[in-house]
4 protein chains.
Amino acid sequence: MPRPRSDDKRAAIMSAATRIVAAQGLGAATAAIAKEAGVSNGSLFTYFDTKADLFNHLYLELKSDMGAAALGGLPDGAGPREQLLHMWTGWLRWAITQPDKRRALAQLQVSDEITTATHETASRAMAGVAVIMERGRENGPLKDAPLAFVITLANALAEATIDYALKDPENAETHGRSGFDALWRIFGG
Amino acid sequence: MPRPRSDDKRAAIMSAATRIVAAQGLGAATAAIAKEAGVSNGSLFTYFDTKADLFNHLYLELKSDMGAAALGGLPDGAGPREQLLHMWTGWLRWAITQPDKRRALAQLQVSDEITTATHETASRAMAGVAVIMERGRENGPLKDAPLAFVITLANALAEATIDYALKDPENAETHGRSGFDALWRIFGG
Amino acid sequence: MPRPRSDDKRAAIMSAATRIVAAQGLGAATAAIAKEAGVSNGSLFTYFDTKADLFNHLYLELKSDMGAAALGGLPDGAGPREQLLHMWTGWLRWAITQPDKRRALAQLQVSDEITTATHETASRAMAGVAVIMERGRENGPLKDAPLAFVITLANALAEATIDYALKDPENAETHGRSGFDALWRIFGG
Amino acid sequence: MPRPRSDDKRAAIMSAATRIVAAQGLGAATAAIAKEAGVSNGSLFTYFDTKADLFNHLYLELKSDMGAAALGGLPDGAGPREQLLHMWTGWLRWAITQPDKRRALAQLQVSDEITTATHETASRAMAGVAVIMERGRENGPLKDAPLAFVITLANALAEATIDYALKDPENAETHGRSGFDALWRIFGG
DNA sequence: CATGAATGAGCCTTCATTCAT
DNA sequence: GATGAATGAAGGCTCATTCAT
């Protein structure tokens, strides 16, 4: 029985990649990522076939991590607004406390290394978010718009809010509230 | 900066860079850009000191081009909603008819090659947009939010709308309208 | 050299190496050979110290395999021409029915990974062939040439014949005959 | 006007490649070749697109160089045997005085990096040799064999002769003569 | 002994930038 | 100024070999 492939090592590479990509962009050297992960140059390639493969997996992980943060501890019987607010808050906390993940995700989102298939899987991983959103916009002015459009819109709003909250951290709370109010107004609230 | 002789050549490089960056990302070779521009390898460097320099200038140009498209032919005496709508429409038309410019701009926006100084200059170049926005949100729920935050928000909304209009071109008009309505609702309309 | 347990596995590696080298050349990865042999990556190195070691052994085996094919079922009391013809025929059949072995051998022959010692051992393994050749050229115009030279010559002739027979398989028989006649003429027949 | 591409440099690379390939085989690093040529690492790639490209060109050059050596100063009105002998002698001298070229050529010949197209061009470059050969085998026992087969045969004979002459240089002359006699006998002389 | 993950040197090729012409 | 050849530092990836299990 050989040394088994280590999940820890794989995770270390992912985490290192997040940090390095956040700091240096997608042009970062795989060697830099490996080093940051405390792993040899070549080892990276036993866990991921190519740099692009690593990036695709990283994208998937970050996206679903973000989704989980948004959905965790959701109050069951709450109304649409409360659920939406809970999600919004989780989302913002995730982004603000882990800016590296967000930066890396932003880079990956516009990269053409990310496959269409990966993009699709990723959006499927956000299904929970979609449900909340669906309930939020119900009967509102966007009730007939495609759900995907609504999600894109909300995402954009969140991104903008986070951007601003990070630039002006002292008033992060206030900005977060403003952003949510704006979202709720979009939904007709 | 001594202005090199031919402004045409400089413009050709900018335009070529837009196309190439849109197609290949920021990793595109300067040689590829030069070739697309019909200019020699080395000539590019008489017009721009470094690749990063080219990108910074390109970012500036694209951003101000976008601003101009949003502000062109603005009806003078019109009310805030009409002005905002005019801007919104121009913005969308610009993005939809010139997807290369938009794609390139998106790449540049998240690049760490773009100086803080460049970012500042760029936002200053959007001053006209800011004025319209200021009038639009006046007295609304966002009246006390920092203007930059409002702009970021509106920008994000527009990006999302464009994204969706490009994905579903047949209903581009409808999506554009939905997006604007959402914006107007954010402003309390 | 401690003989490892399974001779089967060793043989499987040799056979796999033949196929892979024939197909991909000497640059083939040891991992590819191991996989083709149905053996693990590392196991290969319990049977052969290094890649070069494997190649040297393979060279030896292929060469002696070829020799055996040439000498098998030799008619005892026959005259020199008949013995030579028998050998010639066996040789050609070996090469034509097992092109992989031949291709691999050709690659190994020019490789500088093959030791001088290996080359010597190999030629010693062809002693049987030498005997036949010796009788064939006896009293002929090449009687005073070094035997090794004669063998080289005959080998070259055979190679050329095989090359051509493989390129034009329909007339393989004819080419084989032509080649042998040429050889016999060299010997003064 | 930029620095023009230098034929000298190109030739230096070819020549360096010959030496390095002769010494280290086709696995030799392009960097080693560049260094031997007194040229920078990257320069090699302005003269040849890839390593394989370099090898294809090298193969062509060596082959035609060999052809030229075999055909140079051919006596015009001479009979077939004299022409053949002249060719044979030229060939051997080429091989013996420039063993690197011959070794490199041998490696390239069995490489699968050499395109079919290259092989064809190369054989076309040996057309002059074919003419002599045609005359030499005229009316002899090989008169009905495909010419290409005859050439292959003669080539093989020459190779064997050269091999032996190089191993035993003191009697090179004698071996060369023996080889030629053998060839002539093949042709029925 | 078998396995296959780990290692890191090494390779081909690309590319921003310089500079001879 | 214009050109494109020259440069050499990287970079992604491979692979023979080792070694923990």
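Letters A, B, ... are given to chains in the order of the sequence lines, protein chains preceding strands, and every chain is numbered from 1.
Side-chain proximity of A/Thr46 to F/dC13, E/dA6, E/dA2: nearest is E/dA6. The side chain of A/Lys9 lies closest to E/dA6 when the candidates are E/dA16, E/dA6, E/dT13. Side-chain proximity of B/Ser40 to the nucleotides E/dA16, E/dG8, F/dG4 is greatest for F/dG4. The A/Ser43 side chain lies nearest to E/dA6 when the options are F/dG4, E/dA6, F/dG8. Relative to the side chain of B/Ala29, the nucleotides E/dA16, F/dA6, F/dG8 differ in distance, and E/dA16 lies closest.
Across all strands shown, E/dA20 pairs with F/dT3; the Watson-Crick or G-U wobble distances both stay below 3.5 Å.
Residues D/Thr18 and D/Asp100 have side chains that never bring a donor and an acceptor to within less than 3.5 angstrom of each other.
Counting non-hydrogen atoms under 4.0 angstrom, D/Tyr47 reaches the backbone sugars and phosphates but no base. When heavy atoms are screened at a 4.0 angstrom cut-off, D/Ala32 is found touching no nucleic acid atom at all. Residue C/Ala28 is classed as a sugar-phosphate contact, given heavy-atom separations below 4.0 Å to backbone atoms only.
Atoms NZ (B/Lys35) and P (F/dA5) sit 12 Å apart, rounded to a whole Å. One interatomic measurement links the two molecules: NZ of B/Lys51 to P of E/dT14, which rounds to 15 Å at whole-angstrom precision. Whole-Å rounding puts the D/Phe48 CZ to E/dT13 P distance at 13 Å. Per the geometry, CD1 belonging to A/Ile13 stands 13 Å off C1' belonging to E/dT7, to the nearest Å. In this entry the distance linking CZ of B/Phe45 with C1' of E/dA16 reads 5 Å, nearest Å. Look at CD1 on A/Ile20: it is 12 Å from P on F/dG11, rounded to the nearest Å. As rounded to whole Å, 9 Å separates atom P of E/dT18 from atom CG of B/Asp49. Computed from coordinates, the A/Asn41 CG to F/dT14 C1' distance equals 11 Å when rounded to whole Å.
Contact between C/Lys101 and C/Trp94 at its shortest, heavy atoms only, is CB-CZ2, 3.7 Å.
For the side-chain contact (heavy atoms from CB on, under 4.5 Å) criterion with D/Leu26, the lone passing option out of D/Val110, D/Ile114, D/Val21, D/Asp112 is D/Val21.
The residue among B/Thr50 and D/Ala31 whose nearest nucleotide of DNA chain E lies closer to the 5′ end is D/Ala31. Nucleotides of DNA chain F nearest to A/Gly42 and C/Gly42 differ in position, and the one nearer the 5' end is that of A/Gly42.
In this structure, D/Thr30 reaches the E/dC12 phosphate: one of its side-chain N or O atoms is under 4.0 Å from OP1 or OP2.
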Worked verdict on A/Met126 versus A/Met66 for side chain to side chain contact (heavy atoms under 4.5 Å, CB included): CA-CA 9 Å; A/Met126 300 288 279; A/Met66 188 176 89; 3.7 Å; yes
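To the nearest 0.5 Å, the span separating CG on A/Leu44 from NZ on A/Lys9 amounts to 12.0 Å.
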